[in-house]
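Reading through the C-alpha cells given below for one structure.
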Amino acid sequence: MSEKIPNMDYDADEVINEFKEKIKWPKKEEVNVVVAPSKVPLRVFLSLLITVIGGGIAYYMMLPALNIHDSQLYTFLILLVAIFMVAFSVLCRANKIVERREYVKKKSLVPIIIVAVIAVVMVVGYLTGITLFRANSYSNLMTVTESDFETDFADISYDEVPRLDAITAKNLADQQLGSLSEYKSQYVVSGNSTQINVKNSPVRVAYLEYEDFFKWINNTKDGLPAYMYIDLVSQKVKAVNCVEQFGSGIKYSPTELFNEKLVRHLRFQYPTYLMDASNFEINDDGYPYWITPVLDKTIGLFGGTDVKGAIITDALTGESSYYDIEQIKTDKSLSWIDVVYSERLILEQYNYHGKLKNGFWNSIIFQNDVNIASNGNGNIAMDDDVWVYTGVTSAAADTSNFGFILCNQRTKETRYYQNAGAMEESAQQSARDAVQNYGYEATFPILLGVDGNPTYFMSLYGASNTVKGYAFVNLEDKTVVGTGLLDVAKSDAKALNKALESYIDALTAKGDNVNKDDVMVDDDDIISADNNASADKNTQDSTKPEKITGAVEEIKTSVNDGNTVYYLKINGKYYYIKVTDCMEVLLVAKGDKVTVEFEKSDETFIPALSVER
C-alpha cells in the first residue's frame, strides 16, 4: 500500500519557479531569434501612406521651401523619416512582440544612415558659411560709399519731413479705428506698418487683423474691409475702405488661418523660394499689395542672406508676379515699391561690413576700425524713396556716434557720412529735458540739414500720443536745442517754425552765424495738421474757402486725441473746429450769430477753418 503512495517529499516553491521559467517572457537581450512579420510589403506600403499623410500635415504647418538653402527643409526631412519608422514599428507590433522589435531594429539601418547624412550636410553647410572662415565674403555683402552731408542735405522740404514715428503712428491708427463703429471690436491695427512714399509724401500704411479667432470666423468670408493710412506730415489718419473703393476686401493677409494665409498662399505658388516677411504697401492709386522679398543664401548653405527679387501680390485677388531685383531697381513702372530690403537685413549686413572688413580675429581681439550700427534706426524720405537711417558707433558701445549711414530700402544703395556727434538716445533725452515741465516724450530722431548743420529733428508728444510740438537738436553739440509747442504757438505750422527759430538762436549763441532768412520758411509753405493736408501736396484742393453766417442751433463738444473739439450746428449741418485752432469758439453760446469759414463739402460734419462771432 505504501509503495503506491507517491513521494510527497518536494519543495513546492521549486516546482512553481521551474514552471515560471518555462513560461516567462524572454528579456530582449536573451532573444537570439529575429522573426519577420507577415505581409511585410503591405506594412511598408501602409507606413509610407501614413508618412505621406503625416508629412502633408507637417508641410502645411511648417511650409519649408523645397530649397537646399532652407534649414527648415532638413528638419522636415528628418521628421518624415521619424514618422515612417514609428508607423512601421507600430504596424509590425514591435511594441508587443520582442522578436518583431529586433526585426525592426535591424531594418532601421537605412533610415539611420539617411538621418546621419542629412545631419552631416547641415553641419558642413553651416561650417562653410560661418564668419570665422568667410569674414571677407560677409564684409562684401554690402557696398558702402562715402557721401557729403551738405550736398545730400542741402535742401529741406518740411512738407516731406515725417512728424510721426512707427510707434506714434500706430497709436493714432488705433485711436482712429476705435472711433469707427463699423470696424469696432472686430479688428485691430497690425503692429507691422510700412513707411512708404506716396507721390513724394511720407505715409505709413497698416493692415488690419482680426481681434480674435471668433472674429475671424465671423468676418473671414469677406476678408479685411480696410487698411489704415497715416499721413506722417499732416498726422491725419483714415481708414481706406477697400470694399467701397476697389469692390472687395483684403482676402490674403498674415492674419488669415488657412489657404488665404499669405505665407501659405505664396508657398503653394512658389514652393522653392526663400521668402522674407511680407510688407504691406499701396501704389499711387491707393490699391493694396504685398511685397515679399525673395532671399538668397550666398555664403555656404545657410549664410550670407541677400535679396535676389520680390513677389508682388494683389492683396484682394491673390494674384502674384515675381520680379528680379535688378528690374525692381530700374523699371519705372515698379518705382512705387519702396521696401524690398528690410531694416533688419540692412542693419545685419552693415554690421558684417563694419566688423569683418579687416578679418574675423580683428573683430574679436584687436578691433581696429571696427564699427557697428547704433541702437535704434529711423526712416527718411529722399528722392521719392525710403531710406533707413542709423548712427555708426564703435564696437565698444561708445556714448556717441562718429558717423551715420543711409540705406535705400528699394535698391540697397548705402551712403556713409563722417559726421560725428550725439547718439540718437542722447538727442531724445536733450529734447525731453528741454520740455521736462510738460512731461512730453520725443519720437526717434530724423537727421536733417539746417544751413549745413547736421540736426536731429523730433516730434514731441504727450500721453494721448498726439504731437504737442517739435524739437531740433544739434548732432555735434546736443546742448544746442530748439523747441516749439502747439500750446504756445496755437498752430502746428507756427510751432514748427518756432522750434526752428529757437534752434537757430541757440546756434548763433554758440558762435555759428546762421542767416534766418536763408533757413526760415513761411507758414504757408509748411503742410501741417492745421489744414489736414492730403498726402499729395501738388494736388491739393485749390478752391477758395466758403463762409456761412447764421445762428448757432446747437453746440456739442468732444475730446479727440486729447484735443477739445466744438461742433456748431448751423442750418442743419455741424461745423467743427479744435479749441487750439480757434480760442474764440469757447465764447460762442447757443443762439449766437457766427460766421464760419470752411472748405466746400457735402458731409454732415464739416471741418471749419475759423469761427467769428
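Reckoned from all heavy atoms, side chains included, excluding hydrogens, waters and symmetry mates. For reference, positions follow the sequence shown, starting with 1.
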Determine, for Asp222 against Lys251, whether the closest basic-nitrogen to carboxylate-oxygen distance falls under 4.0 angstrom.
no

Side-chain contact test, heavy atoms from C-beta onward, threshold under 4.5 Å: evaluate it for Trp336 versus Val198 and give yes or no.
no

Kindly indicate, with the supporting measurements, whether the criterion side-chain contact (heavy atoms from CB on, under 4.5 Å) is fulfilled by Cys407 and Tyr341.
CA-CA 9 Å; Cys407 185; Tyr341 292 87; 5.9 Å; no

Please determine which of Thr194, Thr292, Thr313 meets the side-chain hydrogen bond (donor to acceptor under 3.5 Å, both in side chains) test together with Ser278.
Thr292

Ring centres under 6.0 Å, that's the criterion: do Tyr389 and Phe404 meet it?
yes

Would you sort out whether Arg410 and Asp385 count as a salt bridge (charged side-chain N to carboxylate O under 4.0 Å, His left out), showing the intermediate values?
CA-CA 7 Å; Arg410 183 173 62 89; Asp385 275 329; 3.1 Å; yes

Between the side chains of Thr220 and Glu256, is a donor N or O closer than 3.5 angstrom to an acceptor N or O?
yes

Centroid separation Trp216 to Tyr187 less than 6.0 Å:
no

Flag if over 12 foreign heavy atoms under 6.0 Å of CG, Leu79
yes

Measure the acute angle between the ring planes of Tyr207 and Trp290, then classify it against the limits of 30° and 60° as parallel, tilted or perpendicular.
perpendicular

Ring centres of Tyr289 and Tyr287 under 6.0 Å apart?
yes

Any side-chain donor-acceptor pair under 3.5 Å between Asp331 and Ser333?
yes

Does a donor on one side chain and an acceptor on the other come within less than 3.5 Å for Asn375 and Glu424?
no

Less than 3.5 Å apart, any donor N or O on the side chain of Asp338 or Gln409 sitting next to an acceptor on the other?
no

Will you find, in the side chains of Arg204 and Ser193, an N or O donor that is under 3.5 Å from an N or O acceptor?
yes

Run the salt bridge (charged side-chain N to carboxylate O under 4.0 Å, His left out) check on Arg344 and Asp276 step by step: do they pass?
CA-CA 11 Å; Arg344 175 195 52 78; Asp276 204 349; 3.1 Å; yes

Donor + acceptor pair across side chains of Tyr574, Glu554 (<3.5 Å)
yes

Taking the six-membered ring for Trp and the full ring for Phe, Tyr or His, determine whether the centres of Tyr576 and Tyr566 are under 6.0 Å apart.
no

Do Tyr322 and Tyr273 have their ring centres less than 6.0 Å from each other?
yes

Verify whether one side chain among Tyr183 and Asn241 offers a donor that lies under 3.5 Å from an acceptor in the other.
yes

Is a salt bridge present between Lys238 and Asp231, judged by a nitrogen-to-oxygen distance below 4.0 Å?
no

Going by atom types alone, do Thr168 and Asn171 pair a side-chain donor with an acceptor below 3.5 Å?
no

Does Tyr126, at its OH atom, have more than 12 non-hydrogen atoms belonging to other residues, nucleotides or ligands within less than 6.0 Å?
no

